[in-house]
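To start, the structure under review is shown below, and the notes come after it.
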Amino acid sequence: MHHAITTDLSQGTARFTVDPSLYPLDAIYGAAYVFIDRCYVFLEKDAQGQVLVSLSPKAPAADAPTLERWAGEFSNELLSCAWRHQLAAENKTLLEQVTSLALGGAMGPPSLDDLANFDFSGQALEDPLGIAMSWEEKYKKKDKKAEVAPAAAPAAGAPAEPPGEKR
Amino acid sequence: MTRLSFDKSLYQGPCVDEAVKVYGRFATFELTEAPQAWVVAVSAADPAREQKICRELSNYALGLTITQRKAGA
């Protein structure tokens, strides 16, 4: 950032430029908002698209060190706001999800009419491993006839009993 | 007379209008529109008072722009 801070004592103003490609406009606004209670803040844009910030004291007199200190504090606040802006952008999806879950929970349980009108016919999810299968379905007793039949009917051509074991 | 030029990409037009309404009784204002800016010409009897009104008007317009932008986000 080209951060030339110039102080104009005749006007009692500290002026410096901020590169909007490094600091988003929201961060510039955030830093400006912190300062508008203690000094006059004016924003301009120069021909290169850089934002020119002017800080003027509300009290009549402000010496050069005070003006430079304000400019420095503004720069720190600018950095803080830019970082918060970046964090907010990164966590935007998560915040929206948590908020929608909280709002959904606050709506309360569904009414009986809602449940009566709910469509249970659709397949909720695919279950290739059979995890969602009920206990009864998975471990139900198999038909005895179906189990016995293969053992009772020997394969065609095979002897019913092993030879030599006849009594 | 002091001319204040509020860049359109930094200040919202309705916020500048609102600020002029608020400070309208302290000075004479003339609003015009340039391609890139809202221009406000401020005239007051006393130069020091005129400068103070200009700065207060700018602060008010900026604060309003920031809060309006937050509310609209």
Side-chain angles (χ1 to χ4, degrees), chain A residues 8-21 23-62 67 70 74 77-78 81-82 84-85 88-89 91-92 95-96 99, chain B residues 1-23 26-27 29-73:
Chain A
D8 183 356
L9 284 178
S10 62
Q11 293 288 321
T13 303
R15 306 183 86 190
F16 52 94
T17 53
V18 176
D19 188 349
S21 67
Y23 296 94
L25 192 56
D26 280 332
I28 298 171
Y29 279 146
Y33 199 70
V34 170
F35 275 75
I36 56 174
D37 66 332
R38 68 175 111 156
C39 56
Y40 297 115
V41 184
F42 189 65
L43 304 178
E44 295 167 276
K45 264 195 177 171
D46 63 9
Q48 288 81 35
Q50 307 252 322
V51 177
L52 189 62
V53 181
S54 302
L55 302 176
S56 308
K58 287 192 173 180
L67 292 174
W70 279 352
F74 191 96
E77 190 63 37
L78 192 61
C81 288
R84 284 207 302 270
H85 181 265
N91 296 326
K92 187 182 176 191
L95 286 173
E96 283 176 353
T99 308
Chain B
M1 186 176 72
T2 307
R3 291 175 74 86
L4 289 170
S5 187
F6 296 97
D7 194 290
K8 285 183 179 176
S9 64
L10 298 171
Y11 292 85
Q12 292 181 359
C15 298
V16 176
D17 290 343
E18 184 64 30
V20 169
K21 279 182 197 170
V22 169
Y23 289 95
F26 299 111
F29 296 95
E30 188 184 335
L31 282 77
T32 51
E33 186 178 353
Q36 301 291 328
W38 316 103
V39 181
V40 181
V42 185
S43 301
D46 179 7
R49 182 180 170 86
E50 189 174 286
Q51 188 187 44
K52 186 172 176 62
I53 291 169
C54 287
R55 288 175 168 177
E56 290 285 353
L57 177 84
S58 306
N59 247 21
Y60 195 89
L62 180 61
L64 211 55
T65 297
I66 294 168
T67 50
Q68 290 290 317
R69 199 176 144 94
K70 283 280 176 193

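Just the heavy atoms: all of them, side chains too, but no hydrogens, waters or symmetry mates, feed the values below. Proteins come first, then strands; the chains are lettered A, B, ... in the order of their sequence lines, and each starts at number 1.
Exactly one residue among B:R55, B:Q51, B:E56 makes a side chain to side chain donor-acceptor pair (under 3.5 Å) with A:Y40. That residue is B:E56.
Qualifying side chain to side chain contact (heavy atoms under 4.5 Å, CB included) partners for A:E44, counting only residues two or more places apart in sequence or in other chains: A:R15, A:F42, A:L52, A:S54. Looking at residues two or more places apart in sequence or on another chain, you find a side chain to side chain contact (heavy atoms under 4.5 Å, CB included) between A:R38 and A:V34, A:F35, A:W70, A:E73.
Taking chain A as the reference chain and counting heavy-atom pairs below 4.5 Å, the highest number among B:A61, B:S58, B:A48 is found for B:S58.
Heavy atoms of B:Y11 lying under 4.5 Å from chain A belong to its backbone as well as its side chain. Residue contact with chain A, scored on non-hydrogen atoms closer than 4.5 Å, involves the backbone of B:S5 exclusively.
Counting only distance, with no hydrogens or angles, the side chain of A:Y29 and the backbone of B:L10 share a donor-acceptor pair below 3.5 Å.
A:L43 has its side chain within reach of B:L62: a pair of non-hydrogen atoms, C-beta onward, lies under 4.5 Å apart.
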